[in-house]
Amino acid sequence: MSIHLRHIQKHFGRSQALSPIDLEIRSGELIGLLGPSGSGKTTLLRIIAGLETPDDHRDCRILFGERDVTQVHVRDRRIGFVFQHYALFRHMSVFDNVAFGLTVLPRAERPSSAEIRSRVMQLLEMVQLSHLAERFPAQLSGGQQQRVSLARALALKPEVLLLDEPFGALDAKVRQELRRWLRHLHDELGFTSVFVTHDQEEALELSDRVVVMSNGRIEQVDTPDTLYRAPRNRFVFEFLGDVNHLEGVVQDGVLTCGDARLAVDLEDGRQELLLRPHEVQVALQAQADAHLPASVMSIVPVGAEVRVELSADWMSEPWMATLSHQDAERLSLKRGMRVHALPRRWHHYPGAQEAPGTQVRPQQVSA
Ligand code: ADP
Ligand code: MG
């Protein structure tokens, strides 16, 4: 089921939570709403659900497929909802929690109790909890409770599944596991999902497309790959990952900041460059076009890479560089060691008028 949002705007009193938003979600897509706290993600999700009404405006429309649901009550929108806090009924067993939505249907629509039983058991099998059907929520781990919430949301066979920071309260490992769950169920059952997160990694890993929001506006809608490679503006660039800053004065193609110098193809004047940690190489020597001396503050192996923190007078904040284990060993990096940062490439977000730029430093053979 596709979802079309047109001119969705929301004020709470005089403060504007959403600027007019247009968004098209394709049928079967898994969409991540990503943004910092207060950017309007929950408000937008609740408006899609029908739990919140958008501001009255003649262009305001919410379509599920061809169906105009702008005025349709939440009960009749046929959506599944999963919240951050499991919101399970404490006094009901896992089975009864999942069955609840079915048992309260009007008699004409309600399946027989045998049908309810079989559907609930099927859902519990899908989230691998059938052996815990008689337990109560308090007897389950957080991850298990959230799987029950997922099964419960799917009981009414929704065509749209909405999730608000569904994994936010769980620890990293369980979160990872539940992401795979969600992706798997989404693909298998073919519904359209919109989930809210403030976690970049989660959004990039799970979504077909990500909607990046800030201050009640949509900053960019793209696939994770495009978003990461071609952020449209500085906000998106900075929000999507760790960033190192280099601010200085450019004159005749050289940016200078304290004792740091870097050849750049930019106009004279004050300029700021942004670099991702993997775009910073660490070397024992400077190069003709890049002299950025620094000290190693910390060396932390994280999975397949080594995170090296660099510090220098010319930085406003320490830089982060990610190296391969091989490179870290080859350099025999140690805390306190004097090294040189060598940007492989950098990004530049000038004023609103000009397009963002990326420059690649020509590779030199280091001595
Ligand atoms: P997010 O989910 O991205 O953290 P929200 O959608 O919850 O953001 O909130 C967006 C803005 O709207 C915030 O400034 C928040 O304080 C405000 N807001 C949200 N819900 C209400 C409400 N019920 N009453 C008043 N202000 C609200
Ligand atoms: Mg929220």
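Computed from a prediction, not measured in an experiment: that's the story for all the values here.
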Sub-3.5 Å donor-acceptor pair from the side chain of His291 to the main-chain atoms of His340, do we have one?
-> no

Value for CG (Leu284) from OG (Ser332), rounded to nearest 0.5 Å, stands at 8.0 Å

CE (Met213) and CD1 (Ile21) are apart, to the nearest 0.5 Å, by 4.0 Å

Flag the pair Arg147 / Gln128 as yes when at least one side-chain heavy-atom distance between them is below 4.5 Å, and no otherwise.
-> yes

Heavy-atom closest contact (Met126 atom, Leu154 atom, distance) = CE-CD1, 4.3 Å

Taking Gln146 for its side chain and Phe83 for its backbone only, find out whether a donor-acceptor pair lies under 3.5 Å.
-> yes

More than 12 heavy atoms of other groups within 6.0 Å of Asp187 CG = yes

Any chance the side chains of His245 and Glu317 put a donor and an acceptor closer than 3.5 Å?
-> no

Minimum side-chain heavy-atom gap Glu29-Glu24 below 4.5 Å = no

Between Arg78 and Lys157, is there a donor-acceptor pair closer than 3.5 Å when you use the side chain of the first and the backbone of the second?
-> yes

For the pair Asp208 and Arg26, find out whether any cationic side-chain nitrogen is under 4.0 Å from an anionic carboxylate oxygen.
-> no

In the single-linkage hydrophobic clustering (I, L, V, M, F, W, Y; side-chain heavy atoms under 4.5 Å), do Met92 and Met121 co-cluster?
-> no

Where do Ser295 and Arg338 land on the side-chain hydrogen bond (donor to acceptor under 3.5 Å, both in side chains) test, with the steps shown first?
-> CA-CA 5 Å; Ser295 302; Arg338 298 290 296 164; 2.8 Å; yes

Does Arg234 pair with Glu272 as a salt bridge, N-O distance under 4.0 Å?
-> yes

Atom of Leu310, atom of Ala321 and distance for their closest heavy-atom approach = CD1-CB, 4.5 Å

Is the backbone N or O of Gly303 less than 3.5 Å from a side-chain atom of His325, with the two atoms forming a donor-acceptor pair by type?
-> yes

For side chain to side chain contact (heavy atoms under 4.5 Å, CB included), just list the numbers for Leu63 and Arg6, CA-CA rounded to whole Å, side-chain angles, deciding distance to a tenth of an Å, and then say yes or no.
-> CA-CA 9 Å; Leu63 304 180; Arg6 235 179 282 151; 3.6 Å; yes

Pairwise side-chain contact, Thr256 with Gln251, heavy-atom cut-off 4.5 Å (strictly under) = no

Can Val339 be reached from Met320 by stepping across I, L, V, M, F, W or Y side chains whose heavy atoms are under 4.5 Å apart?
-> no

Specify the closest pair of heavy atoms between Ala99 and Ile116, including all atoms of both residues, with the distance to one decimal.
-> CB-CG2, 3.9 Å

Considering only Ile, Leu, Val, Met, Phe, Trp and Tyr, and joining two whenever side-chain heavy atoms are under 4.5 Å apart, list the other residues clustered with Val212.
-> Leu34, Leu204, Val210, Leu227, Tyr228, Phe235, Val236, Phe239, Leu240

Heavy-atom donor-acceptor pair, Lys41 side chain to Pro36 backbone, under 3.5 Å | yes

Are any non-hydrogen side-chain atoms of Leu266 and Gln359 less than 4.5 angstrom apart?
-> yes

Does the side chain to side chain contact (heavy atoms under 4.5 Å, CB included) test come out yes or no for Leu150 and Leu163, once each step is laid out?
-> CA-CA 9 Å; Leu150 208 50; Leu163 310 100; 3.9 Å; yes

Go through Glu238 and Tyr349 one step at a time and tell me if the side chain to side chain contact (heavy atoms under 4.5 Å, CB included) criterion holds.
-> CA-CA 11 Å; Glu238 297 207 293; Tyr349 288 92; over 6 Å; no

Quick one: ring pair (Phe, Tyr, Trp, His ring centres under 6.0 Å) pairs with a partner in residues 95-114, sequence neighbours left out?
-> Phe89-Phe100

Cluster overlap Leu189 with Trp181, hydrophobic side-chain contacts below 4.5 Å = yes

Using atom types as modelled and distance alone, determine if a side-chain donor or acceptor of Glu165 lies under 3.5 Å from a backbone N or O of Thr42.
-> no

Does Leu275 share a hydrophobic cluster with Val243, counting links as ILVMFWY side-chain heavy atoms below 4.5 Å and allowing steps through other members?
-> no

Keeping the roles fixed (side chain from Arg232, backbone from Val221), state whether a donor-acceptor pair exists under 3.5 Å.
-> no

Which pair of non-hydrogen atoms, one from Ala153 and one from Val82, has the smallest distance, and what is that distance?
-> CB-CG2, 3.7 Å

Charged N-O contact under 4.0 Å between Asp22 and Arg61 = no

Do Arg179 and Asp199 have side chains that get closer than 4.5 Å, going by heavy atoms?
-> yes

Carboxylate-amine/guanidinium contact Glu219 Arg217, below 4.0 Å | yes

Do the side chains of Lys10 and Pro54 get nearer than 4.5 Å, heavy atoms only?
-> no

SG on Cys257 to CD on Gln271, rounded to 0.5 Å = 13.0 Å

Between Pro111 and Leu105, the two heavy atoms sitting closest are CD-CD1, 4.1 Å

So Trp346 and Leu246, side chain to side chain contact (heavy atoms under 4.5 Å, CB included) or not? Walk me through it.
-> CA-CA 10 Å; Trp346 56 86; Leu246 176 59; over 6 Å; no

Is Glu279 paired with Arg276 through a side-chain N to carboxylate O contact shorter than 4.0 Å?
-> no

More than 12 heavy atoms of other residues, nucleotides or ligands under 6.0 Å from CD of Glu205: is that the case?
-> yes

Contacts of type side-chain contact (heavy atoms from CB on, under 4.5 Å), residue Ala260, not counting sequence neighbours | Leu292, Trp314

Out of curiosity, does Leu274 fall in the hydrophobic cluster containing Val250 (side-chain heavy atoms, cut-off under 4.5 Å, transitive links)?
-> no

Non-hydrogen side-chain atoms of Met315 and Asn244 separated by less than 4.5 Å = no

Does the Thr70 side chain pair with the main chain of Ile62, one donor and one acceptor, at a distance under 3.5 Å?
-> yes

Can you measure from CD (Gln9) to CG (Asp59) and round to the nearest 0.5 angstrom?
-> 10.5 Å

Any sub-3.5 Å donor-acceptor pair from Ser2's side-chain atoms to Ile25's backbone N or O?
-> no

Flag side-chain contact, heavy atom, 4.5 Å: Cys60 against Ile8 = yes

Could you give the distance from CD1 (Ile3) to CD (Glu159), rounded to the nearest 0.5 Å?
-> 10.0 Å

Enter the distance from Thr53:OG1 to Gln71:CD here, rounded to the nearest 0.5 Å.
-> 9.0 Å

Under 3.5 Å, is there a donor-acceptor pair linking the side chains of His278 and Glu305?
-> no

Before accepting this row, confirm whether a basic side-chain N of the pair Arg270/Glu247 lies closer than 4.0 Å to the acidic partner's carboxylate O.
-> yes

Is there a donor-acceptor contact under 3.5 Å from the side chain of Arg183 to the main chain of Leu206?
-> yes

